[in-house]
Structure formats: C-alpha cells, structure tokens
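Since the structure is predicted, the reported quantities are computational estimates derived from the model, not experimental observations. Proteins come first, then strands; the chains are lettered A, B, ... in the order of their sequence lines, and each starts at number 1.
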Amino acid sequence: MDLKVWNPCAALTMKQSSNVPTFLSKMWTLVEETHTNEIITWKQNGQSFLVLDEQGFAKEILPKYFKHNNMANFVRQLNMYGFRKERDGPVEFQHPYFKQGQDDLLENIKRKIVQFIVTLVQNNQLVSLKHKRPLL
Amino acid sequence: MDLKVWNPCAALTMKQSSNVPTFLSKMWTLVEETHTNEIITWKQNGQSFLVLDEQGFAKEILPKYFKHNNMANFVRQLNMYGFRKERDGPVEFQHPYFKQGQDDLLENIKRKIVQFIVTLVQNNQLVSLKHKRPLL
Amino acid sequence: MDLKVWNPCAALTMKQSSNVPTFLSKMWTLVEETHTNEIITWKQNGQSFLVLDEQGFAKEILPKYFKHNNMANFVRQLNMYGFRKERDGPVEFQHPYFKQGQDDLLENIKRKIVQFIVTLVQNNQLVSLKHKRPLL
DNA sequence: ACCGTTCTAGAATATTCGGTA
DNA sequence: TTACCGAATATTCTAGAACGG
C-alpha cells in the first residue's frame, strides 16, 4: 500500500476556536483558496462551489485537509451538513449558509442527527440520560 | 464495436436545483431551443410540441440531453409524465402544464408511480415499514 | 461544455442472451479482460477482484461498459447485487458467486429489491394485480 | 455527546424490453 | 396497428449505521 502524506494542519484562514465544526471551516477555506481554483472554486455568483477536477481534488486537495482521499467520503460529509448537489452537470454543491467571503454564516449550518433519535426527541420520549434534560 | 458519443450536459435554461424532475426541465429546454426548430418545436399556439424530424431528433438531439438516442425511450418518459400523443398527423404531444414560455407550470406535472403500489396504497394495504405511515 | 464519450457496447465475452443481468455480465467481462489488468483484475486466488487504479477505472473503463463514469455508481450496483468490500486495504470486492473463469455461477447472483416491498411480499400482503399471483 | 471515516442501503428518476388494449 | 403501460434493471443523490477518536 502506498504511503499517503496527511497534512491536516493546512493553514486555515478562519480561526478554529469558533464553534464551527472542523469540516465546515476546512471546506470553506479550501474553496476560498485561489491557487487551487482550477480544481475547486466558487461559482461566479459565489452562491455555490464547483469541483472542476474531481480526480485532482480527491487525490491532491482532500488529503491536505482530511484523513482520506475519497470523493465519496467528502460527499457524505456534505450531505450530513445539508449541502445539496446540482443535478446533471459538473460537480456543484450549495448550502444557503455557505457563500463566498462570508465565513460568519457557517455557524448557522447544523450537522444532521440520526433521524430516529430526532423523532423520539420531538415526541418527548428521549432525554439525555446524563444530564436529565431534553436533547433538543 | 461502435462508438456512441453521449453528451447529456447540454446547457439548461432552468435551474436544476428546482423540484422539477430532470426530464421535464431538459425537455422544456430543448423544445424552447430555437436553432433546432426544424427538428422539434412548439406548435403555433404554444399548447403542444411537434417532432418534425424524428430521425434527427433521436440521433442528434436526444443524446445531447439524455443517456440514450432512442425515440421509444423518450416517448416512455412522456407517458410516465402524463403526456398524450395527438392521433392522426405528425408527431405531436401535449400536456396541460407544458406550454411555451411558461416553465413555472412544470412543477405541476407529476410522474406516475408504479401502478400496483398506487392501487395498494389506495386500498390502505401499503405502509412504509420504516416510518410507520401510509405512503400516499 | 465538455464532451463525454460513452461506449456501453464493449464486446462481451459471454452471451447476453442468458438471464444474467447486464451489470453482472459486463462486470465479469471487464474483470476477465487481461489487457486492463493494471487497472482492474482478479485477486491471485480468483475469489475476488481488485481495482488497482481507481481513477483510471472510473474514467476509462466504466464509460466503455456503462452510461456513466463514476465509481460511486459502480459501487452502488455492486452492493445492490450483494457484493461486499474488503475492509482496510486497496479496493477489493467479493461475492460468493463471482469467481474467475466461472461465468456459469453468475445466474445465482440476485439483485436486491426494495426492502419494504420484500417484507410485504413475505407477509403475503402484496400481489401482482395484473396476473393475480404472488410477486415472489 | 458530538464529529469524522467507512461501507451499505433508501428512494426517486431514467433506461430498457416486452406486452396489451 | 399504434399508443400506452408493466416491470425490471440502471443511474443518481442522499441517508443509515457501525465504529473510532
């Protein structure tokens, strides 16, 4: 098996101290990066981002930020955070709170929770056993 | 072995992020296209569309939008969405919500569901086992 | 807009007239192909297959047999037919009836059906309305 | 308790083949 | 005969689930 060089410490342009999950701040950073615009970049209007070179993105960009080099894993995370893919066409994802130049919106993006737990919580059937309080 | 060139990435005039199925937005787009009016075009009143050159449509237009080049497949989709063919005359299809210049009507067109499931649901014999609720 | 070349008509070494689904016969054929052994090939024991060059497989092999060029779509089909991925290591999938040189075993591989329908059928709650018979 | 990685499955539409009214 | 439909597989996008950190 080949030797992969992980570099999860690529310089982030936004401070990691905020309450924004690591995935979101890393992803926002790598889309903002201008010297990789041939691979991944904002769409013209800055309302979504494009992956122009899926191969290069998976093998060169991803391992610089995450512990893997698979596009499928990246997409799984995108969906976990509510991003949607543009159908038919080049790889394009969007989220109402993921926009060019506005990293302050990222904190509005919430990671999805396991659905059957959400339902139970909504039905007041599930509480935190540790702190004895509702979860949502 | 023959080499077929599919190019399903023809530019769409509608946003794909809408809730309109891909087939409808693609089809509406290709009928609207003016530079292919010799092959497929709106009827004079804009209430239905005509396929003037079936061969050209199948072999040149279809593979630009879909992953096939068969007229029969296209017609199957039309029927799935409730389009009806005009008897007697050139190839002409119509649907009450498919009109020239009005892509906002497309969202009213509903795709048919597998019939035996529809019937069972109407008889209240089919529920989603996952969510414990009727499917329709 | 980019131009993609689909060639779903690559010569098959097994006759398509059998009752084996297209996906299985195509996949068995492309694994058997010796001139692409650098990209995809049988494991030494012939009990599973390896994808050695995922990038090349997705962009060069897949579109020669199927109407897409995405690894994810290929994996979805594999799972639909019951193939399992080998954890930890290079891309390796296996199925008890998918073995080197034995295309006669392929007919034992069954495609999965939507699960909630399977359950209903097993409970004798779902029949074909057309032919008035159980569906399985 | 939450996030990240991985593999598999759900669900809707799309393509194909063949049958029926 | 022709238009339409049934049903299975194929393609696409998203979610479930297990596990570890």
Side-chain angles (χ1 to χ4, degrees), chain A residues 8 19-24 26 62 65-70 72-88 91 93 110-117 128-131 135, chain B residues 8 16 19-24 26 62 65-70 72-88 91 93 111-117 128-131 135, chain C residues 8 19-24 26 62 65-70 72-88 91 93 111-117 128-131 135:
Chain A
N19 54 354
V20 173
T22 309
F23 174 76
L24 290 177
K26 284 184 176 178
L62 280 182
Y65 291 86
F66 308 103
K67 293 185 190 300
H68 66 84
N69 56 9
N70 300 309
N73 291 348
F74 182 68
V75 173
R76 185 68 193 91
Q77 282 282 62
L78 287 176
N79 286 327
M80 284 294 288
Y81 283 97
F83 284 74
R84 309 306 294 252
K85 187 181 188 292
E86 201 71 18
R87 289 174 295 173
D88 295 314
V91 179
F93 282 90
K110 298 305 176 187
R111 196 177 200 265
K112 293 182 180 179
I113 310 177
V114 184
Q115 189 55 49
F116 77 85
I117 292 187
S128 166
L129 296 183
K130 189 169 188 178
H131 301 293
L135 287 174
Chain B
Q16 272 307 286
N19 53 355
V20 174
T22 306
F23 174 76
L24 291 176
K26 285 184 175 179
L62 281 182
Y65 292 85
F66 308 102
K67 290 179 184 292
H68 67 82
N69 55 9
N70 302 307
N73 290 349
F74 181 70
V75 173
R76 185 70 193 90
Q77 282 282 64
L78 287 175
N79 287 327
M80 284 295 287
Y81 283 97
F83 284 74
R84 310 307 294 241
K85 188 176 189 294
E86 205 65 30
R87 307 257 173 178
D88 306 323
V91 180
F93 284 91
R111 197 178 202 267
K112 295 180 180 177
I113 310 177
V114 183
Q115 190 55 49
F116 76 84
I117 291 186
S128 167
L129 296 184
K130 190 169 189 177
H131 301 294
L135 285 175
Chain C
N19 53 354
V20 174
T22 308
F23 173 77
L24 290 176
K26 285 184 175 178
L62 280 182
Y65 292 86
F66 308 102
K67 290 179 186 292
H68 67 84
N69 55 9
N70 302 308
N73 290 349
F74 182 68
V75 173
R76 186 68 192 93
Q77 281 281 63
L78 288 175
N79 286 326
M80 283 296 289
Y81 284 96
F83 284 74
R84 309 308 294 251
K85 187 178 188 293
E86 204 66 29
R87 305 260 172 173
D88 304 323
V91 179
F93 282 90
R111 197 177 202 267
K112 294 180 181 180
I113 309 177
V114 183
Q115 190 54 50
F116 77 83
I117 293 186
S128 166
L129 296 183
K130 188 168 188 178
H131 301 294
L135 287 173

Between A:Tyr81 and D:dG4, is there a side-chain N or O to OP1/OP2 distance below 4.0 Å? yes

Compare every heavy atom of A:Phe66 with every heavy atom of A:Lys26, then report the nearest pair and how far apart it is. CD-CE2, 3.8 Å

Contacts of A:Val91 that satisfy side chain to side chain contact (heavy atoms under 4.5 Å, CB included) - sequence neighbours left out: A:Val51, A:Glu54, A:Met71, A:Phe93

Any residue meeting ring pair (Phe, Tyr, Trp, His ring centres under 6.0 Å) with A:Tyr81, in chain and number order, not counting sequence neighbours: A:Phe23

Separation of E:dT9 C1' from C:Leu78 CG (nearest whole Å): 15 Å

When every non-hydrogen atom of A:Arg87 is compared with those of B:Val20, the smallest separation belongs to NH2-O, 2.8 Å

Measure the NZ-CE distance between C:Lys112 and C:Met80 for me, rounded to the nearest 0.5 Å. 8.0 Å

Between P on D:dA11 and CG on B:Asn19, what's the gap in Å once rounded to a whole number? 20 Å

Which protein N or O atoms sit under 3.5 Å from an N or O of nucleotides 5-8 of chain D?
{"from": "D:dT5", "atom 1": "OP1", "to": "A:Lys67", "atom 2": "N", "distance (Å)": "2.9"}
{"from": "D:dT6", "atom 1": "OP2", "to": "A:Asn73", "atom 2": "ND2", "distance (Å)": "2.0"}
{"from": "D:dC7", "atom 1": "OP1", "to": "C:Lys85", "atom 2": "NZ", "distance (Å)": "3.0"}
{"from": "D:dC7", "atom 1": "OP2", "to": "C:Lys85", "atom 2": "NZ", "distance (Å)": "3.4"}
{"from": "D:dT8", "atom 1": "OP1", "to": "C:Arg84", "atom 2": "NE", "distance (Å)": "2.8"}
{"from": "D:dT8", "atom 1": "OP1", "to": "C:Lys85", "atom 2": "N", "distance (Å)": "3.1"}
{"from": "D:dT8", "atom 1": "OP2", "to": "C:Asn79", "atom 2": "OD1", "distance (Å)": "3.4"}
{"from": "D:dT8", "atom 1": "OP2", "to": "C:Lys85", "atom 2": "N", "distance (Å)": "3.3"}

May I have the distance from C:Leu62 (atom CG) to E:dT11 (atom C1'), rounded to whole angstrom? 12 Å

Could you tell me which residues satisfy ring pair (Phe, Tyr, Trp, His ring centres under 6.0 Å) with C:Phe83, sequence neighbours excluded, listed by chain and number? C:His95, C:Phe98

